[in-house]
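Throughout, protein chains are lettered first and strands after them, A, B, ... in sequence-line order, and every chain is numbered starting at 1.
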Number of protein chains: 2
Amino acid sequence: MNSHGGAPSRGKPATLRQVAELAGVSTATASKALNGRQQVSATTRQRVLDAADRLSFTPNSLAQAMLHGSSGTVGLLTHDLEGRFSIPILMGAEDAFGAGQTSVFLCDSREDAIRERHHIRALLGRRVDGLIVVGSQTNPRRSLGHDLPVPVVYVYAPSSDERDTSVIADNVAAGRLAVQHLVGIGRRRIAHIAGDPTYAAARDREAGIGAALADAGLTQVGPSRSGSWSEAWGRTGAHAVLEAGEPVDAIVCDSDQIARGALDLLRDRGVRVPGDIAVISFDNWGPFATGSRPQLTSIDFNFQQMGRRAAELIFAALAGEPAAGTQAIAPRLVIRGSTTVGA
Amino acid sequence: MNSHGGAPSRGKPATLRQVAELAGVSTATASKALNGRQQVSATTRQRVLDAADRLSFTPNSLAQAMLHGSSGTVGLLTHDLEGRFSIPILMGAEDAFGAGQTSVFLCDSREDAIRERHHIRALLGRRVDGLIVVGSQTNPRRSLGHDLPVPVVYVYAPSSDERDTSVIADNVAAGRLAVQHLVGIGRRRIAHIAGDPTYAAARDREAGIGAALADAGLTQVGPSRSGSWSEAWGRTGAHAVLEAGEPVDAIVCDSDQIARGALDLLRDRGVRVPGDIAVISFDNWGPFATGSRPQLTSIDFNFQQMGRRAAELIFAALAGEPAAGTQAIAPRLVIRGSTTVGA
DNA sequence: CTGTTAGCGCTTTCAG
DNA sequence: CTGAAAGCGCTAACAG
């Protein structure tokens, strides 16, 4: 359509042979010249480089992969791109790989086992060097099995099979961290609005909260109130906490969204945050955590780091150092206005 | 590490030759059998299929690609995976491709031109059949040029070069749609809290709003108030609208986040929504739009459809039917409680 | 119906 | 220092 100059706008890209011909050498020499091998004279090398440049030569990685035996490619299998978990994880992985020579194939299986199989076949056909499987829940997921020809790392949702390699968020530590912060700023009467109790995340956070309270010699105010992960539940839960009548000076919410709902209700009731009640939550989901008034102190699970770690584990396995078992990534406290006036 | 049975846990995957040997035929016959060619006897075919199965044979797409000349692969270049725009677009594209035999390479250039070049080189090296470039702003972006050997489609952020192919959101239509809905439910005194005025999105929406108001014989209440895309600005903007003193019965907010802020302030002031003032916004960002009280009526830009369209355009270009120019995808009204009591 | 041959683009011995 | 030849895994002619 719009051909001009030396660079071909369409049509097949230049091949090494064409470069070699233009430079007046053999393909072998051209290859050496382009790959920085020492067995080429300076002038020849320059001639080859010029030719390559003139033809906008880009080596065909497919051909290289066939020889070398590995494609420099990794498959990323996710279940919900919508989710705020998958994306940072994906970024971390892409980052860790992208620095090197590895490219990432993205596949979304939409929670569908059939589609998942289909994608895995396609990825193996493309001879990916490894597979990263990202779940959207913390609940363990079915293993892909051990007969795959490439290393597999499960992220966020661990594999239910201990022999697999998994990277997860440390929800217990997160629960502890939240309570420790509240205790650190002098709160003693701490309530908990939990998420959906069918999620391991909710149960683990509860365990962490309980442990940290015990460490501090405190007792939780009221039971952990379970619901869903929504703002609406945050309102309902906060309402229940206030209605219970027991004095409270802090609330741990299982997600930023729940905290938003709680904040909402507390303001309606004229409760000051953090003056009367401090609020802390989990996820540190940017727009939610920073859009509220006051902004939310939140526990960040370092998803991006989880993605990076997954990439590293793939590399390690490729290098012959597999690391079976589950690794937990430490969470991080991000302090904002819902727990401290200064911040 | 954990080898057993017939399927190799590691080591090179089985090749066609191995399958052929196991089945006692030539590679050519094996190839025909596996690819459903008619020139093979039923018994032979079955023998080959069995052998392939026993070796968990997966054809090497790289080799196939080298022959066929195309890799069945597309590059997706994005600038912000965080963004709520890129993800649905990406899903739409992955969907449209995934149905067929195409896999998607994901690359995030982090707004960095160097990194972008690097990624493009890598993708071209892998012989992608096409490139989809997703921007995070509606503002036009620099073209990648016309000397690339594969078709390129720009999404969300169009190319500044008219000769390129772009798919964008129709912000003018969105502005109209918002006003038409408000007028349809009987509102006459409409104000506008705009986003960041350096964004084409904000300017286009304003144009659409103005046009629809004119069509209805109405005049906007007060100026379009420009700010940022945040909840904080939504509060400030709503405050300004109320302070201006002119009666208002509806506010168009340039994003769901702005609308959340506005809702927040209106409630503080005892203004009922939608009773006293209806609120409508753009983006229809799930958790934000449905988490508020009342839920937000919002204009959805059909990002997923944009992604699909981009994929289709790549296919079309590959089939020799390029479509230069910019295509706008029609937005869609999603009605919720912030404009109607019934919904 | 089946097998032989050639070759996709590249790298790597191994001679010259 | 350079080139000829072999081969990665697969498919598409062509013979047989």
Discussion item. If you count every heavy atom of other residues, nucleotides or ligands that lies below 6.0 Å from B:Arg142 atom CZ, does the total exceed 12?
Written reply: yes

Return a table of donor-acceptor pairs under 3.5 angstrom between the side chains of residues 57-67 of chain A and protein atoms on other chains or two or more places apart.
{"from": "A:Asn60", "atom 1": "OD1", "to": "A:Leu62", "atom 2": "N", "distance (Å)": "2.8"}
{"from": "A:Asn60", "atom 1": "OD1", "to": "A:Ala63", "atom 2": "N", "distance (Å)": "3.4"}
{"from": "A:Ser61", "atom 1": "OG", "to": "B:Gly125", "atom 2": "O", "distance (Å)": "3.1"}

Fill in: Sorted by number, the residues of residues 41-53 of chain A with heavy-atom contact under 4.0 Å to DNA chain D
A:Ser41, A:Thr44

Worksheet item: Rounded to the nearest 0.5 Å, how far does CD of B:Gln39 lie from OG1 of B:Thr29?
Response: 9.5 Å

Worksheet, complete the sentence: Angle separating the five-pair end axes of the helix from C:dC1-D:dG16 to C:dG16-D:dC1, nearest 10°, is 50°

Discussion item. Regarding B:Arg163 and B:Asp161, does a basic nitrogen lie under 4.0 Å from an acidic carboxylate oxygen?
Written reply: yes

Practice prompt. Not counting sequence neighbours, list each pair that qualifies as a ring pair (Phe, Tyr, Trp, His ring centres under 6.0 Å) and has a residue in residues 114-139 of chain B.
Written response: none

Just the atom pairs and distances: protein N or O near nucleotides 7-11 of chain C's N or O, under 3.5 Å.
{"from": "C:dC10", "atom 1": "OP1", "to": "A:Asn60", "atom 2": "N", "distance (Å)": "3.2"}
{"from": "C:dC10", "atom 1": "OP2", "to": "A:Leu16", "atom 2": "N", "distance (Å)": "2.2"}
{"from": "C:dT11", "atom 1": "OP1", "to": "A:Asn35", "atom 2": "ND2", "distance (Å)": "3.4"}
{"from": "C:dT11", "atom 1": "OP1", "to": "A:Gln64", "atom 2": "OE1", "distance (Å)": "2.9"}
{"from": "C:dT11", "atom 1": "OP2", "to": "A:Ser31", "atom 2": "OG", "distance (Å)": "3.0"}

Response to the item:
The reported gap from CG in A:Leu106 to CG in B:Leu90 (rounded to nearest 0.5 angstrom) is 5.5 Å

Response to the item:
A:Ser136 meets the side-chain contact (heavy atoms from CB on, under 4.5 Å) criterion, sequence neighbours left out, with A:Asp80, A:Glu111

Discussion item. Rounded to whole Å, please give me the gap between CD in A:Gln39 and P in C:dA15.
Written reply: 15 Å

Discussion item. Restricting to salt bridge (charged side-chain N to carboxylate O under 4.0 Å, His left out), what partner residues turn up for A:Arg47, sequence neighbours left out?
Written reply: none

Item to complete: Just grab all the salt bridge (charged side-chain N to carboxylate O under 4.0 Å, His left out) pairs involving residues 26-36 of chain A, residues at least two apart or on different chains.
Response: none

Fill in: With A:Phe97 via ring pair (Phe, Tyr, Trp, His ring centres under 6.0 Å) - residues at least two apart
A:Phe315

Discussion item. Please list all pairs meeting salt bridge (charged side-chain N to carboxylate O under 4.0 Å, His left out) that have one or both residues in residues 127-141 of chain B, counting only residues at least two apart or in different chains.
Written reply: B:Glu116-B:Arg141

Worksheet entry | Interatomic distance where NE2 belongs to A:His68 and C1' belongs to C:dT12 [whole Å] | 13 Å

Worksheet item: What residues form a salt bridge (charged side-chain N to carboxylate O under 4.0 Å, His left out) with B:Arg117, not counting sequence neighbours?
Response: none

Worksheet item: Can you check whether B:Phe303 and B:Tyr156 have ring centres sitting under 6.0 Å from each other?
Response: yes

Practice prompt. Taking heavy atoms of chain A and a 4.0 Å limit, find me the 5'-most and 3'-most nucleotide of DNA chain D within that range.
Written response: D:dC1 to D:dG9

